[in-house]
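Following: one structure in structure tokens, then a few remarks.
Throughout, numbering of the chain's residues begins at 1 and tracks the sequence.
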Amino acid sequence: MSSDVIIIGGGIAGLATAHQLLRLGATVTLLERNYCGQEASWAGAGILSPLLPWDYSEPVTQLTQLSNRLFPQFIETLRDETGIDPEYQASGMLVLSHSSARQHAEPWEKVEDGLDRVAEAWCARHAFPLKRVRSHEIAPALARDEAALWLPDICQVRNPRLLRSLAKAVEHSGGAIVENAEVASWKIARGQVQSISTSRGEEYTAASYIVTAGAWSRQVLGEHALKLDIRPVQGQILLFKAQLGLLQAMVLQEQDNFYLIPRRDGHILAGSTLEETGFENRTTAQARKALLSRAHSLVPALSEEILARQWGGLRPGSPENIPVIDRHPEIPNLYLNSGHYRYGVTMAPASAQLISNMILNKPQPLDITPYRWPV
Ligand SMILES: Cc1cc2nc3c(=O)[nH]c(=O)nc-3n(C[C@H](O)[C@H](O)[C@H](O)COP(=O)(O)OP(=O)(O)OC[C@H]3O[C@@H](n4cnc5c(N)ncnc54)[C@H](O)[C@@H]3O)c2cc1C
């Protein structure tokens, strides 16, 4: 079987890349080891922003802001093509810093602590709305009413729905998705990939090959990974079946990046852990206890009685959270779009656009040098 492009890995990075390439007229085959959209992309919380956007370097900002601009049209296209609603919404994010300087402050008081000044300067520079509020104005269910920062434009999406919608849209646009197809070996000759084989022995050929295998990208590339630094970093999350309307906005606790995400049907996600467990993705009683205790102390109504589920996922961890979106330095028809670490859902439309433009020799909307393959 031959196509213009073969994509290896059916998470958000692979599916969004397939969707974009198909829209640009390429033929695409996507190979997925198990079933599409079951790994990190399924497990994620769906916040469409770095947790504290001002904490990240310019390459992360550039990519996430490009995605923010692309998301409304991306979602509309998916809804039109598939009828599945990924529940994209600007539910906003309330940032609690619990700093003693700000706890008793009124929002109109000028309290010049570090977080506020850095946040305000960043938001002004990037035309990102930010307001000082009392937390109960936005989230009355919180245990404490305190001075907080309100970012009304931060959006969220419901990952499993987004993935189902993307997979359906890829097939609707003529893309071939092959599941239970684990890429196991590369045939390289004359400096180019000639074909790849799956563990079942099937051989696939294409003009170009893109690895989007998330935390497994180095494994898939084997000796061709060169100095690629992508490693699995586990995250665990709890899901509460709360009363509808208990929380309307996302809430983020600044010191430990702990967050609560309300869904439209009343479910609330509480996450997440950052754990180096290798490729082990088991949920633990220790994480459950820690997340439950944080959730309960922020919003007392979030108790064990309404705890519905716990899960984990392996993020593709990368230095400074900067993904690699590039051509292989030695094999010109081999590409990578991976290493999005904590923000792979946020970055998906932008990085799909960059890698597709690179393959199809189209102009880029931003400087892509920060996303180079390390050598
Ligand atoms: C708890 C948690 C919370 C998160 N919250 C957010 C958030 O709020 N916002 C955000 O933007 N991001 C978030 N993330 C991060 C985000 O989920 C990831 O960055 C993103 O999902 C990575 O997508 P991916 O497609 O690269 O990887 P994955 O979704 O892991 O997909 C990789 C795919 O490759 C396949 N594969 C592996 N090896 C092979 C092979 N040999 N052959 C074929 N296929 C193969 C796998 O089976 C898998 O389906 C979170 C992650 C976690 C775990």
Side-chain angles (χ1 to χ4, degrees), residues 11-17 19-21 23-24 40-41 44-75 88 90 92-93 95 115 118-130 149 151-157 162 210-212 214 217 228-230 233 252 257 315-327 329 335-375:
I12 186 88
L15 289 167
T17 303
H19 189 247
Q20 176 66 7
L21 282 166
R23 285 168 64 78
L24 294 173
S41 303
I47 306 166
L48 298 180
S49 169
L51 290 178
L52 289 171
W54 42 88
D55 269 1
Y56 289 87
S57 64
E58 207 46 32
V60 171
T61 301
Q62 289 291 319
L63 205 56
T64 52
Q65 294 212 328
L66 175 59
S67 266
N68 286 348
R69 295 195 290 279
L70 296 173
F71 248 106
Q73 183 62 54
F74 178 57
I75 296 290
Y88 170 70
M93 182 179 277
V95 181
L115 170 68
V118 171
E120 282 173 342
W122 188 94
C123 288
R125 205 164 58 248
H126 294 281
F128 204 79
L130 170 138
L149 298 177
L151 298 158
D153 283 8
I154 294 193
C155 296
Q156 61 158 298
V157 76
L162 174 63
I210 314 176
V211 174
T212 55
S217 293
L228 189 65
D229 186 4
I230 294 179
V233 180
L252 174 71
N257 276 349
R315 308 175 182 93
S318 56
E320 291 183 58
N321 212 118
I322 301 175
V324 173
I325 307 167
D326 199 9
R327 192 189 306 265
Y335 297 80
L336 182 69
N337 179 17
S338 193
H340 301 85
Y341 199 4
R342 302 199 76 176
Y343 306 119
V345 180
T346 308
M347 292 170 168
S351 46
Q353 191 179 84
L354 299 191
I355 198 75
S356 303
N357 287 348
M358 190 178 293
I359 291 177
L360 301 175
N361 293 313
K362 292 187 177 295
Q364 296 290 14
L366 49 82
D367 175 16
I368 57 165
T369 51
Y371 317 111
R372 277 203 178 130
W373 199 308
V375 284

(request) Hey, could you give me each pair passing side-chain hydrogen bond (donor to acceptor under 3.5 Å, both in side chains) that has a residue in residues 354-363? Not counting sequence neighbours. (result) Asn357-Gln364
(message) Just verifying a value: how many Å separate Leu252 CG and Leu52 CG, rounded to the nearest 0.5 Å?
(response) 5.0 Å
(message) Side chains of Leu66 and Pro349, heavy atoms from C-beta outward: is any pair under 4.5 Å?
(response) no
(request) Under the side-chain hydrogen bond (donor to acceptor under 3.5 Å, both in side chains) rule, collect the residues that match up with Thr17, sequence neighbours excluded. (result) Asn337
(message) Run the side-chain hydrogen bond (donor to acceptor under 3.5 Å, both in side chains) test against Gln20 and tell me which residues pass, sequence neighbours left out.
(response) none
(request) Determine yes or no for a side-chain-to-main-chain donor-acceptor pair under 3.5 angstrom, with Ser41 supplying the side chain and Gly11 the backbone. (result) no
(request) First locate atom CG of Asp55, then atom OG1 of Thr61, and finally report the distance between them rounded to the nearest 0.5 Å. (result) 10.0 Å
(message) Please determine whether side chain to side chain contact (heavy atoms under 4.5 Å, CB included) holds for the pair Ser49 and Asp153, giving the CA-CA distance in whole Å, both sets of side-chain angles, and the decisive distance to 0.1 Å.
(response) CA-CA 10 Å; Ser49 169; Asp153 283 8; over 6 Å; no
(request) Would you please name every residue forming a ring-ring contact (aromatic ring centres under 6.0 Å, His included) with Tyr343, sequence neighbours left out? (result) Tyr56
(request) Only counting residues at least two apart or in another chain, list the ones meeting side-chain hydrogen bond (donor to acceptor under 3.5 Å, both in side chains) with Ser217. (result) Ser338
(message) How close do Thr212 and Gly14 get, counting heavy atoms only, and between which atoms?
(response) OG1-CA, 3.2 Å
(message) With rounding to the nearest 0.5 angstrom, report the CG to CH2 distance, Leu151 to Trp54.
(response) 4.5 Å
(message) Taking the side chain as everything from C-beta on, heavy atoms only, tell me whether Pro374 gets closer than 4.5 Å to Leu228.
(response) yes
For residues 320-327, run the donor-acceptor check on the side chains, cut-off 3.5 Å, and write out each pair with its distance to 0.1 Å, sequence neighbours left out.
| residue | atom | partner | partner atom | Å |
| --- | --- | --- | --- | --- |
| Asn321 | OD1 | Arg342 | N | 3.2 |
| Asn321 | ND2 | His340 | O | 3.0 |
| Asp326 | OD2 | Trp373 | N | 2.8 |
| Arg327 | NH1 | Pro332 | O | 3.3 |
| Arg327 | NH1 | Tyr335 | OH | 2.7 |

(request) Could you check Leu21 against Leu360 for side chain to side chain contact (heavy atoms under 4.5 Å, CB included), going step by step and ending with a plain yes or no? (result) CA-CA 9 Å; Leu21 282 166; Leu360 301 175; 4.0 Å; yes
(message) Among residues at least two apart in sequence or on other chains, which ones pass side chain to side chain contact (heavy atoms under 4.5 Å, CB included) with Cys155?
(response) Leu48, Tyr88, Ala90
(request) Would you please name every residue forming a side chain to side chain contact (heavy atoms under 4.5 Å, CB included) with Ser318, sequence neighbours left out? (result) Tyr341
(message) Using the side chain to side chain contact (heavy atoms under 4.5 Å, CB included) criterion, which residues pair with Gln62? Sequence neighbours excluded.
(response) Glu58, Leu366, Tyr371
(message) To the nearest 0.5 Å, what is the distance between OG1 on Thr346 and CG on Leu63?
(response) 9.5 Å
(request) Write down the atom of Val211, the atom of Leu336, and the distance for their closest heavy-atom approach. (result) O-CD1, 3.3 Å
(request) Please name the pair of heavy atoms, one in Asn68 and one in Pro72, separated by the smallest distance, quoted to 0.1 Å. (result) O-CD, 3.4 Å
(message) Quick one, Leu51 and Val95 - any side-chain contact, counting heavy atoms below 4.5 Å?
(response) no
(request) Anything under 30° is parallel, anything over 60° is perpendicular, the rest tilted; go ahead and classify His126 against Trp122. (result) tilted
